[in-house]
Amino acid sequence: MSVSTKHQPPSNNFGPQGDSGNPRFGSRWLGPLALLGPAGVWLIFLLVLPTLVIFEISLVPNIKPGGIVNPSGLDNYFLAFQGVYIMVVLRSLFLAIGSTLLCLLLGFPVAYWLAILAPQRWRNLMLMSFILPLWTSSLLRSYAWITILRPTGVLNSVLGFVGLPGLELLNRPPAVLIGMTYSFLPYMVLILYSSLEKLDRQLLEASADLGATPPETFWKVTVPQALPGIAAGSLLVFITSLGDFVDPELLGGASSGTAARLIYDRFLGQTQNWGFGAALSMLLIMAVSIAIALLLKYGDRDAQP
Amino acid sequence: MLQTATQNSDSTRAESSLDVELRKVFKVFNGETAVRGVEFDICRGEFFSILGPSGCGKTTTLRMIAGFETPSAGEVLIRGESMNHVPPYQRPVNTVFQSYALFNHLRVWDNVAFGLRIKRLGRAEVQARVDEALALVKMEAFASRYPSQMSGGQRQRVALARALVNRPAVVLLDEPLGALDLKLRKQMQVELSNLHQDLGLTFVMVTHDQEEALSLSDRIAVMKDGRIEQIDSPDRIYEQPSTPFVADFIGDTNLFEGHLEAIDPTSVLVRTASGVKIVIALPDSFQAEVGDKVVVSVRPEKIDLSLYRPEDAVDCYEGRLEHSMYLGTHMHYTLKLLSGEYLTVRQPNTWANLPDRHTPVYASWMAKDGVVLKA
């Protein structure tokens with residue numbers, strides 16, 4: 001990669017000798033530059049510039065690979081607000097929100113148990129085992145779900161054995177939800193755990209002391225105290241689910257088109273239209289950015305003023 | 001609190017005037033015994049302090065009253081009812097925690113209202129009682145602040161209001177003033193004392209600060225290694241300690257180890273290992289025999305210093321001035337007696353301050369100012 005040489009910071013940025021020439025300039029700028037420079041260069045070349053390129057392409061109608069970039073308007077954006085595409089966006093949102101809620105519902109009890117109830121010496125081991133799925137490729141995990149969920153798969157064999165009717169989940173939205181939840185649950189557990197671990201136990205005692213039963217303490221103290229973690233975990237899972245391509249592609253079938261698949265299709269699929277794909281990408285980026293901005297502005301305010 | 005106050009007629013007084021009773025309470029944590037057979041009764045309206053060095057089991061004792069720990073053996077009673085199987089949220093007690101334990105996601109007003117809302121009291125009553133409690137601790141102006149926006153002293157007041165607003169039978173205070181600086185601590189001591197007198201609630205306080213315990217309490221239980229050494233009023237704890245530990249832990253003192261040499265109807269004679277003979281007035285209930293090992297305690301402020309041997313002094317010892325320290329209100333002297341023992345003496349800061357080191361001086365005290373304790 002051609003930019004890689006730029007990642008290496010000039011070696012004289014480090015250490016006190018770099019400051020000796022002009023102490024005022026050195027002390028004020030060299031430190032931040034040395035710390036932020038490498039990652040900053042990385043971000044500028046691999047995030048900011050590509051995003052600008054996508055924005056430029058999004059202003060060109062009907063551009064195909066090899067076409068000439070000639071920005072001419074917002075037509076691609078108006079196209080995105082047609083009924084068909086709005087349905088796709090809504091489906092993406094539904095899947096992302098659904099998997100976020102499922103992760104929260106499944107993850108909170110686990111994180112609560114790990115952070116508050118589990119014996120100290122077991123904690124790291126248990127935490128490790130919950131993160132274990134992250135060590136395998138996401139592609140492999142999705143293929144594993146195919147063998148479980150397909151009509152003649154593991155799940156239906158078990159159901160048949162017990163005497164229950166089989167379920168048709170594969171190539172439909174439920175399979176995507178299952179796949180996403182499975183993929184992103186470890187992140188949720190990790191974030192909730194680190195939030196709940198910081199919970200001051202004396203607050204739980206204070207709550208009991210003031211007459212609150214354990215369930216009342218849970219809803220009035222534990223959950224509000226964990227709210228920053230709940231918000232952070234949900235946001236992470238929501239964003240990752242919204243942009244997830246592997247699970248909808250492998251588990252969702254034709255009926256579960258999502259924004260990510262749509263974009264993929266416009267760039268690399270059969271109905272190539274780079275301009276429209278770029279416009280959809282920009283809309284997705286903007287929606288997520290707005291969600292994060294709102295969360296930063298309002299989400300955490302009451303807990304840590 | 002209100003309905004029991006009416007029950008408190010003279011006929012049932014002996015029964016109902018006890019708010020907290022501990023019966024041979026033990027607590028074992030992972031094989032380590034933190035509390036060993038603690039027993040005491042706390043009367044209604046009393047300010048009771050549990051005093052001791054860190055690790056003596058005082059906080060564990062308080063936590064067993066609050067319900068955060070269950071006794072390994074023995075029984076805790078509140079208002080005559082056994083609390084051993086009653087969870088904290090059903091006990092008529094409220095705690096002021098050492099670190100305050102305010103809910104940082106709630107404003108001050110909602111922190112104080114927490115207990116009342118749990119009890120599902122009406123909106124108007126909650127409003128009235130929270131406002132009243134905040135006024136009691138002079139925190140009305142801070143009602144809409146978050147705990148993180150306040151100083152330690154202010155949080156402490158809110159924690160107090162949050163406990164008092166529930167009108168508990170017993171208020172438990174765990175080192176309530178431990179995190180405050182000296183000046184604020186003095187001020188809060190006065191306010192705590194006023195609150196206790198005005199409200200008439202039973203206060204149980206845990207502290208390692210003997211001055212705090214002495215100045216606030218009606219009675220003090222001194223604990224050491226999970227056991228109670230002495231339970232008495234502050235003046236008796238100070239003037240008539242029942243063990244050498246209590247004498248040494250509460251305030252400063254001079255301790256002399258020795259043997260009981262003679263007992264007569266009014267006094268005892270103690271001879272220390274170095275041969276010093278000390279005469280002490282016979283205590284009220286003293287049971288020892290000639291030859292027993294004993295310890296004599298003499299408070300530094302009970303000792304007089306002079307440059308000449310005072311006439312007709314029974315306990316008078318010559319020594320050399322080793323060190324003098326200026327303490328503002330007091331002078332602190334260290335003497336080396338001719339017999340080799342060191343003696344600390346505290347004298348008011350007056351014009352009569354003594355001259356320099358190595359000056360020969362005479363230390364004397366009255367026979368009634370010494371305390372003789374079984375070693």
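Each chain gets a letter, A, B and so on, in the order its sequence line appears, and its residues count up from 1.
- No more than 12 heavy-atom neighbours from other residues, nucleotides or ligands sit within 6.0 angstrom of OH on A:Y187.
- Within 6.0 Å of atom CZ in B:F29, more than 12 heavy atoms from other residues, nucleotides or ligands are found, so the atom counts as buried in its surroundings.
- Both the backbone and the side chain of A:S207 come within contact range of chain B, judged by heavy atoms closer than 4.5 Å.
- The backbone N or O of A:K220 lies less than 3.5 Å from a partner atom in the side chain of B:H105, making a donor-acceptor pair.
- A salt bridge between A:E216 and B:R120 is present, with a side-chain N of the basic residue lying under 4.0 Å from a carboxylate O of the acidic one.
- Across all non-hydrogen atoms, the minimal contact from A:G211 to B:I118 is O-CG2, 3.2 Å.
- With a 4.5 angstrom heavy-atom cutoff, B:R63 touches chain A only via side-chain atoms.
- We find the CG-CD distance between B:N104 and A:Q225 to be 4.5 Å, quoted to the nearest 0.5 Å.
- If you measure heavy-atom distances from B:N94 to chain A, the contacts under 4.5 Å come from both the backbone and the side chain.
- With a 6.0 Å radius and a threshold of 12 heavy atoms from other residues, nucleotides or ligands, B:Q90 has its CD atom above the threshold.
- Contact of the B:S99 side chain with the A:Q202 side chain is registered, since non-hydrogen atoms from C-beta on lie closer than 4.5 Å.
- Contacts of B:L116 with chain A are absent, with no heavy-atom separation under 4.5 Å from either backbone or side chain.
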Would A:L210 and B:Y89 count as a side-chain contact (heavy atoms from CB on, under 4.5 Å) if you check the C-alpha gap in whole Å, the side-chain angles of each, and the deciding distance to 0.1 Å?
CA-CA 6 Å; A:L210 292 165; B:Y89 53 87; over 6 Å; no

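- No more than 12 heavy atoms of other residues, nucleotides or ligands lie within 6.0 Å of CE in A:M128, so this atom counts as exposed by the packing criterion.
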Does the pair A:D209 and B:R91 meet the rule for a side-chain contact (heavy atoms from CB on, under 4.5 Å), with working shown?
CA-CA 8 Å; A:D209 188 71; B:R91 297 191 183 199; over 6 Å; no

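- Using a 4.5 Å cut-off between heavy atoms, B:F103 contacts chain A through both its backbone and its side chain.
- Separation of atoms CG (A:L203) and CG (B:L106) is listed at 10.0 Å; rounding is to 0.5 Å.
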